[in-house]
Amino acid sequence: MAVISPATRFAPPLNRPFHHRSSLASLHCSSRNFLFLGKPTPSSTIVAVRCQKPVSDGISSMESMNHVSSSIDFLTLCHRLKTTKRKGWINQGINGPESIADHMYRMALMALIAGDLTGVDRERCIKMAIVHDIAEAIVGDITPSDGVPKEEKSRREKAALKEMCEVLGGGLRAEEITELWLEYENNASLEANIVKDFDKVEMILQALEYEAEHGKVLDEFFISTAGKFQTEIGKSWAAEINARRKSQLTNRQR
């Protein structure tokens, strides 16, 4: 290294040692981040004054690329939620029925537009609505008519959820999805109570709409949910849907 005179010597930034010129390129700094001391000559020493990107950027960039890749893999897997039709409607012969994603989307809207609810984390309800059926991207829509015991259904869905979180690459977002899913599955909070109700409300609202569109009577969906709403908002919305259905069926009979 060329000798720097006392008049022009600069202390290394942040007490870092001077680097040999051959090692400076590895810092990936632009030329404006170096200072030429004295007149530029072939033997002039270059001192790193400032570097906008840390030396470790190569590692973080690789991690970032891996996260992007795993995110796209996860979203591609979730595409199945858009294309898998809800089996209850298929069994009723509904032409072009809603998908799992359609169902979850309107549930999220329910959480978004619900009036202020004391002690309720609205954002958590929205997130829970978005992920509560996410495991069905792998296991499909398992309904009571399939004859699968509740315990076995839960086991399959937990395994599917674990697989999806591995595709996502783990981390905080995967942990959050798992936590939300388990909270809903176990009906373990006020937010879970509300989203469970929204699940039933969305189903009977869809049944009401299919009855109007296809001229069907879909009693089983209303019978299976009667008396099972846990929250005041769930009960009030279900009551409104049932009142509209009664009026709709009455008008149809005239």
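Counting heavy atoms from C-beta on, the side chains of Arg122 and Leu117 never come closer than 4.5 Å. Using a 4.5 Å cut-off on side-chain heavy atoms (C-beta onward), Tyr210 and Glu98 make contact. Between His103 and His132, the closest side-chain pair of non-hydrogen atoms falls below 4.5 Å.
Across all non-hydrogen atoms, the minimal contact from Asn91 to Thr143 is ND2-OG1, 4.3 Å. The minimum heavy-atom distance between Cys125 and Val120, with the atom names listed, is SG-CG1, 3.7 Å. Counting all heavy atoms, side chain and backbone alike, Met164 lies closest to Phe74 at O-CD1, 3.5 Å. Across all non-hydrogen atoms, the minimal contact from Ala135 to Ala160 is O-CB, 3.7 Å. Counting all heavy atoms, side chain and backbone alike, Leu81 lies closest to Ala137 at CD2-N, 3.5 Å. Contact between Ser70 and Val167 at its shortest, heavy atoms only, is CB-O, 3.3 Å.
Both Leu161 and Leu75 sit in one connected hydrophobic cluster of ILVMFWY residues. Membership requires side-chain heavy atoms under 4.5 Å apart, directly or through other members. Under the 4.5 Å side-chain heavy-atom criterion for Ile, Leu, Val, Met, Phe, Trp and Tyr, Ile223 and Ile204 are members of distinct hydrophobic clusters. Following chains of ILVMFWY side-chain contacts shorter than 4.5 Å, one can reach Leu112 starting from Met104, so the two form part of one hydrophobic cluster. Clustering ILVMFWY residues whenever any of their side-chain heavy atoms sit less than 4.5 angstrom apart, transitively, puts Met65 in a cluster other than the one holding Ile72. One hydrophobic cluster, built from ILVMFWY side chains closer than 4.5 Å, holds both Ile241 and Ile113.
Taking CZ from Arg80 and CD from Glu136, the interatomic distance works out to 13.0 Å, rounded to the nearest 0.5 Å. The structure places CD of Glu202 at 9.5 Å from CG of Leu109, a figure rounded to the nearest 0.5 Å. Here the CD atom belonging to Gln206 is positioned 5.0 Å from the CZ atom belonging to Arg106, to the nearest 0.5 angstrom. Taking CD1 of Ile100 as the start and CG of Asp133 as the end, the distance is 6.5 Å to the nearest 0.5 Å. If you take CD1 on Ile134 and OG1 on Thr178, they are separated by 9.5 Å, rounding to the nearest 0.5 Å. Within the model, atoms CE of Met110 and CD1 of Ile233 stand 9.5 Å from one another, a figure rounded to the nearest 0.5 Å.
Between Glu211 and Arg252 there is no salt bridge, since no side-chain N of the basic residue sits under 4.0 Å from a carboxylate O of the acidic one. With respect to the salt-bridge test (charged N to carboxylate O, under 4.0 angstrom), the residues Arg245 and Asp219 qualify.
Side-chain contact of Asn66 with Ser69: a donor-acceptor pair under 3.5 Å is absent, judged by distance alone.
Around atom CD of Glu123, no more than 12 heavy atoms belonging to other residues, nucleotides or ligands sit under 6.0 Å away. Within 6.0 Å of atom NE2 in His214, more than 12 heavy atoms from other residues, nucleotides or ligands are found, so the atom counts as buried in its surroundings. By the 6.0 Å contact criterion, NZ on Lys216 is enclosed, its count of non-hydrogen atoms from other residues, nucleotides or ligands being greater than 12.
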* Please walk me through it: do Asp102 and Ser99 pass side-chain contact (heavy atoms from CB on, under 4.5 Å)? -> CA-CA 5 Å; Asp102 292 332; Ser99 68; 3.1 Å; yes

* To do: Carefully, step by step, assess Tyr184 and Val131 under the rule side-chain contact (heavy atoms from CB on, under 4.5 Å).
  => CA-CA 9 Å; Tyr184 175 86; Val131 306; over 6 Å; no

* To do: Any chance you could lay out the side-chain contact (heavy atoms from CB on, under 4.5 Å) test for Arg156 and Lys153, step after step, and finish with the verdict?
  => CA-CA 5 Å; Arg156 293 182 190 180; Lys153 178 177 181 291; 6.0 Å; no

* Dump the intermediate steps for ring-ring contact (aromatic ring centres under 6.0 Å, His included) on Trp237 and Phe198, then the final yes or no. => CA-CA 9 Å; Trp237 285 14; Phe198 286 163; 5.3 Å; yes

* Trace of the side-chain contact (heavy atoms from CB on, under 4.5 Å) decision for Arg155 with Lys158 -> CA-CA 5 Å; Arg155 185 198 67 76; Lys158 284 180 181 177; 5.9 Å; no

* Asked: Are Glu183 and Arg124 close enough, and set up right, to give a salt bridge (charged side-chain N to carboxylate O under 4.0 Å, His left out), and what steps lead you there?
  -> CA-CA 11 Å; Glu183 186 176 324; Arg124 192 165 187 82; 2.6 Å; yes

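A donor-acceptor pair is defined here as one N or O able to donate and one able to accept, closer than 3.5 Å; no such pair exists between the side chain of Asn251 and the backbone of Gln248. Looking at Asn193, its side chain never comes within 3.5 Å of a backbone N or O of Gln230 through a donor-acceptor pair. Although no hydrogens or angles enter the test, the distance criterion places no donor-acceptor pair under 3.5 Å between the side chain of Asp197 and the main chain of Ile194. Between the Arg244 side chain and the Leu205 main chain, no donor and acceptor come within less than 3.5 Å of each other. Of the possible polar contacts, one joining the Glu191 side chain to the Asp121 backbone as a donor-acceptor pair under 3.5 Å is found. Remark: the backbone N or O of Lys87 is paired with a side-chain donor or acceptor of Asp141 at under 3.5 angstrom.
For Glu185, the side chain to side chain contact (heavy atoms under 4.5 Å, CB included) partners are Ser154, Glu157, Trp181, not counting sequence neighbours. With sequence neighbours left out, Phe221 forms a side chain to side chain contact (heavy atoms under 4.5 Å, CB included) with Trp89, Gln92, Met203, Ala207, Leu218.
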